[in-house]
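So the structure is just underneath, and the comments pick up after that.
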2 protein chains.
Amino acid sequence: MKFSISEENYIKSIYHLQVLHQRVNTMMLAEMVKTKAASVTEMLKKLHKKKLIDYEPYKSFILTDTGNKIALNIIRKHRLWEFFLVNKLGFNWDQVHDIAEELEHINSSELISRLDEYLQFPSFDPHGDPIPNSKGKITDLKRSNLIDIPLKKTVVVSQIKDQSITMLDLLKHFKIGIGTKIKVNKRFEFDGSVEIKIDQMPNAVLSNQVAKNIYCVI
Amino acid sequence: MKFSISEENYIKSIYHLQVLHQRVNTMMLAEMVKTKAASVTEMLKKLHKKKLIDYEPYKSFILTDTGNKIALNIIRKHRLWEFFLVNKLGFNWDQVHDIAEELEHINSSELISRLDEYLQFPSFDPHGDPIPNSKGKITDLKRSNLIDIPLKKTVVVSQIKDQSITMLDLLKHFKIGIGTKIKVNKRFEFDGSVEIKIDQMPNAVLSNQVAKNIYCVI
DNA sequence: AATTATTTTTAGGTTTGCCTAACTTTATTT
DNA sequence: AAATAAAGTTAGGCAAACCTAAAAATAATT
């Protein structure tokens, strides 16, 4: 089944709202899709008829399993494109949302599976949000860089942002790679550097510049 | 100024028709955008009001300079995306048109200039059609097929006219694709075949039928 | 030149998704 | 519990882009 861009945006928005607040209402949705409540009601009736939401007038609505699957697919596309824009085209992570908002509606599963492969099946988008796989399954782990990670918590490196040779050299020296377990002991306000501990290694201090490029699964 | 997907498709189609037949009429355009003549007339009035075409009812229509520029920008996007799909995602050139047809309407000049750079500013798309630059200029390099090319001159393949699967197969065997450097050593009068040389390949002979379908930038 | 055929436009209708205004239902106060 | 406020729905309209059928203009034939 194919859906209009509008329908897709409503489905996606309902999904996001359900994650944040489990009860979703018409006004919240109206605000999210930047329209008026009356338009939302109209769309709810349509989505209900297409069996994408369960809906009782004046009561509430919730995505059906089908609706959920469709939402996850749109989100998958959005996040893969964001990953592409940042890691291939060199955008900053705060510049890509609007563009991905358009790209997510491109309709070709072949395109998406190839893109996924081209990007080497990333698990997280540039904001650290998980990318659903082709079956709609999400790794339910959050991700952030060493600057934002809670202290004294052991985390696993999942991505290095800056992949320059100099950066790789530095990482080699500290024995840091994808999968490495790291604990941040202390953060120094003065220069934003962090002291880390890796198993069987002495404590080490990474500059802010380095730390912010190392992303970990929490 | 921003245009709807429909408007963009009309503009692009008028451009293509103008290249093929300099006189364009309503019915041709209707067929090209897969709609009916009445709808075309409606759109012509709208495009005229927006000064994208010169239009006199019952007479004719033609793109204005502005219209032309917009058309070239859409075509630029289409061809860059096609190049991306083939050269980065590994699609075959005969699979990418429909996807590029959607991607060409994504609205971000920043995206396109970065994509262009990422692809290293290609001059031709996978079908050998020239990609307009950001100012709408098309490389008007001299191109001709292997029959008409000067002997002993290294040229670069830029377009394959016949894109049948059988032709594709043959080209694969000889390792010929867009961008391949070729030198024609000799032409045989008898059957019009040509002997070519490609770097790191033994000499090869192509039939006249094949040679005349391979276009190169001189 | 008159008739016929074709092309183009106009007129009137449909669908999608938006809007405002009015009305219902549900929630919150008093 | 009644009154008021807020949220949700319905009704009636609008714009974009499509459609069919009929009318007008142009082109082709006799």
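Below, read A as the first sequence line, B as the second, and so on, with proteins coming before strands; counting in each chain starts at 1.
- With a 6.0 Å cutoff to the six-membered ring centre and a 45° limit on the axis angle, A/Arg114 counts as a cation-pi contact of B/Phe91.
- Put simply, A/Lys36 has a side-chain N or O that comes within less than 4.0 Å of OP1 or OP2 on C/dT20.
- Take the nearest nucleotide of DNA chain C for A/Ala37 and for A/Lys59: the residue whose nucleotide is more 5' is A/Ala37.
- Distances from the side chain of A/Tyr58 to the nucleotides D/dG8, C/dC19, D/dT20 place D/dG8 closest.
- Taking atom CG of residue B/Leu29 and atom P of nucleotide C/dT7, one finds them 14 Å apart after rounding to whole Å.
- Within the structure, every side-chain polar atom (N or O) of B/Tyr55 is placed at least 4.0 Å from both OP1 and OP2 of C/dT8.
- Using a 4.0 Å heavy-atom distance criterion, A/Phe61 is classed as making no nucleic acid contact.
- Atom-to-atom, CD of A/Glu42 to P of D/dA15 comes out at 16 Å; the value is rounded to the nearest Å.
- Between the CE atom of A/Met28 and the P atom of D/dA7 there is a distance of 11 Å, rounded to whole Å.
- Within the 4.0 angstrom heavy-atom criterion, only backbone atoms of the sugar-phosphate kind lie near A/Thr26; the bases stay farther away.
- For A/Phe61 and A/Tyr10, the ring centers sit 6.0 Å or farther from each other.
- Residue B/Thr41 is classed as a base contact, given a heavy-atom separation below 4.0 Å to a base.
- In this entry the distance linking CD of A/Glu7 with P of C/dC18 reads 10 Å, nearest Å.
- In the set D/dA7, C/dT9, D/dC19, the nucleotide with an atom closest to the side chain of A/Met27 is D/dA7.
- Seen from the ring of B/Tyr118, B/Lys88 counts as a face-on cation partner, given the 6.0 Å and 45° thresholds.
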- Show the numbers, then the answer: is there a side chain to side chain donor-acceptor pair (under 3.5 Å) between B/His127 and B/Asp94? CA-CA 8 Å; B/His127 302 96; B/Asp94 54 342; over 6 Å; no

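- The six-membered or imidazole ring of A/His97 lies near that of A/His78, with a centre-to-centre distance under 6.0 Å.
- For the pair A/Asn25 CG and D/dG8 P, the interatomic distance rounds to 4 Å; values are reported in whole Å.
- Counting to the nearest Å, the P atom of C/dC19 and the CE atom of A/Met43 are 12 Å from each other.
- Atom NE2 of B/His48 is separated from atom P of C/dT8 by 17 Å (rounded to the nearest Å).
- One can place CG of B/Leu44 at 15 Å from C1' of D/dC18, the figure rounded to the nearest angstrom.
- A/Ser6 comes within 4.0 angstrom of sugar-phosphate atoms only, judged by non-hydrogen atoms across all strands, and of no base.
- Contact annotation: B/Lys45 side-chain N/O to C/dT10 OP1/OP2 distance is under 4.0 Å.
- Summary of the strand contacts: A/Ser39 and B/Glu56 both lie near DNA chain C, and taking for each the nucleotide with the nearest heavy atom, the more 5' one is attributed to B/Glu56.
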